[in-house]
> 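One structure follows; several queries about it will come next.
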Amino acid sequence: MTNRITRRQFTTGAVATAAASIGLTRAEAQNFGGNELIEAAKKEGRIVYYTADFTEPEQVIIKEFNKRFPFVKVEMVRAPGGQLITRIKTEAAAGKLLADVVNHSDRGLMLGIKDVFQDYAPPNAKDYRDDVQVAPQLWPKTTLGWSIAYNTELEKNPPRTWMDLCKPEYGPKKIGQVVAPSGGTTWTRIMFERQVLGEDYWKKQAATQPILYPSGAPTSDAMVRGECSIAVLLYNIAYIKKKDGAPVDIIFPSDGVPLNYYAAGVTKASANPNAAKLFLNWNMSDEGQAFHIKELGYLTALKNPPFNPPGYDPKVVKPWSPKFEEYVKLRDQWIEEWNKTYGYRQ
């Protein structure tokens with residue numbers, strides 16, 4: 001008797017081997033796009049990843065992704081938000097866009113270049129909030145929340161609310177602030193301050209003479225070194241410092257937590273579209289989002305989060321996100337006004 005297999009049976013068997021080689025059952029592989037996608041990603045073997053998020057957590061995420069999918073090399077290019085958009089536009093206009101995946105903090109700027117991205121949706125697309133997407137092909141891979149952090153060796157009476165940061169006892173030069181033009185996350189924060197805390201909040205807070213920093217990384221470093229005892233920081237930045245043993249504690253203020261949702265997508269120019277989709281699929285999966293929260297202090301845009309970071313109870317801390325039309329319309333005018341109020345010159 002001759003054992004003959006059909007072409008379909010041969011292909012199915014070969015693909016199943018790709019998933020099995022990394023310890024995934026066929027059912028588990030579906031969470032990340034299926035066996036065929038994994039096999040195709042394995043053949044491509046690499047992606048170029050443009051991101052405006054911080055280098056340190058992104059490196060941790062890539063390392064974790066590679067535990068699942070060691071055959072995809074991720075070449076990361078990190079740049080501040082404005083510079084990254086300019087680079088994408090320039091490369092795209094020249095027909096030389098190198099990025100397979102882009103992850104950016106400013107959804108308004110990403111909406112302006114949405115045609116750079118191809119159709120894409122993660123396998124669990126229905127599990128994500130609809131209101132945080134600005135275009136069908138762009139997804140909230142990353143969600144960040146603002147917090148108040150402090151150096152526990154220097155600050156024994158930390159502020160508990162945003163309004164506390166206006167009290168004279170927390171000045172001068174005790175508070176570290178990230179400047180408004182830093183990027184989409186900071187723009188979200190200053191929108192919150194003006195719309196929720198009041199039009200005179202900036203004036204009251206600036207009167208404490210905070211120290212201004214260009215981004216969150218130098219702000220958190222300065223707080224740990226003791227240059228300032230209090231810092232207004234994205235929770236995940238302070239969380240990493242605390243996790244590494246620095247004298248840092250973090251508070252989600254009870255008068256509101258501004259949330260910033262990133263936009264991520266696969267470019268039309270992608271030379272490695274399958275590996276790109278696999279990378280985003282893993283990040284968007286329940287497994288990926290749980291890793292983001294537990295290990296890095298991110299939040300999530302999943303309708304039902306697997307869990308929340310310590311101290312974050314949405315029923316208590318009042319999560320806040322901007323109306324997208326206002327997020328786009330008010331940016332330039334309000335950032336200029338913030339700069340004048342805080343005496344900041346670019």
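Excluded from the calculations below are hydrogen atoms, water molecules and symmetry mates; all remaining heavy atoms, backbone and side chain alike, are included.
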> Give a yes or no on whether E56 atom CD has more than 12 heavy-atom contacts from other residues, nucleotides or ligands under 6.0 Å away.
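Counting other residues, nucleotides and ligands, CD of E56 stays at 12 neighbours or fewer.
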
> Does the ring center of F279 lie less than 6.0 Å from the ring center of F69?
no

> How many angstroms lie between OH in Y298 and CG in L234, if you round to the nearest 0.5 Å?
9.5 Å

> Name all residues meeting the side chain to side chain contact (heavy atoms under 4.5 Å, CB included) criterion together with A275; count only those two or more places apart in sequence or in a different chain, and write none if there are none.
A41, E44, I47, V72, N272

> How far does CH2 of W320 sit from CG of L259, to the nearest 0.5 angstrom?
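The CG atom of L259 is 9.5 Å from CH2 of W320, to the nearest 0.5 Å.
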
> With a cut-off of under 6.0 Å to the ring centre and 45° to the axis, is R194 in cation-pi contact with Y201?
no

> Anything under 30° is parallel, anything over 60° is perpendicular, the rest tilted; go ahead and classify W139 against Y120.
perpendicular

> Check whether Y327 forms a cation-pi arrangement with R331 (NZ or CZ under 6.0 Å from the six-membered ring centre, at most 45° off the ring normal).
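Yes, R331 lies over the aromatic ring of Y327.
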
> With a 3.5 Å cut-off and no angle check, do the side chains of T185 and N260 form a donor-acceptor pair?
no

> Any chance the side chains of N283 and H292 put a donor and an acceptor closer than 3.5 Å?
yes

> Can you confirm whether the side chains of E91 and Y50 place a donor and an acceptor under 3.5 Å from each other?
yes

> Quick check on salt bridge (Lys or Arg N to Asp or Glu O under 4.0 Å): which of K241, R160, K156, K242 does D249 satisfy it with?
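By the salt bridge (Lys or Arg N to Asp or Glu O under 4.0 Å) criterion, D249 pairs with just one of K241, R160, K156, K242: K242.
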
> Step by step, would you call Y150 with N157 a side chain to side chain donor-acceptor pair (under 3.5 Å)?
CA-CA 10 Å; Y150 62 97; N157 181 34; over 6 Å; no

> Got a salt bridge between K204 and D200, using NZ or NE/NH1/NH2 to carboxylate O under 4.0 Å?
yes

> Between K67 and I62, is there a donor-acceptor pair closer than 3.5 Å when you use the side chain of the first and the backbone of the second?
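Such a contact is absent between K67 side chain and I62 backbone.
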
> At what distance, to the nearest 0.5 angstrom, does OG1 of T90 lie from CD1 of I88?
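Rounded to the nearest 0.5 Å, the OG1-CD1 separation comes to 10.0 Å.
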
> If you count the non-hydrogen atoms of other residues, nucleotides and ligands that lie under 6.0 Å from NZ in K63, is the total more than 12?
no

> Could you grab the distance from atom OG1 of T219 to atom CG of L212, nearest 0.5 Å is fine?
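The distance works out to 9.0 Å.
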
> Are the charged groups of E155 and K174 less than 4.0 angstrom apart, N to O?
yes

> State whether a side-chain donor-acceptor pair under 3.5 Å links Q177 with R189.
yes

> Is it true that, when you exclude E169 itself, more than 12 heavy atoms of the residues, nucleotides or ligands shown sit nearer than 6.0 Å to its CD?
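For E169, atom CD is crowded (more than 12 foreign heavy atoms under 6.0 Å).
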
> Answer yes or no: is there a donor N or O on one side and an acceptor on the other, between the side chain of S105 and the main chain of A52, under 3.5 Å?
no

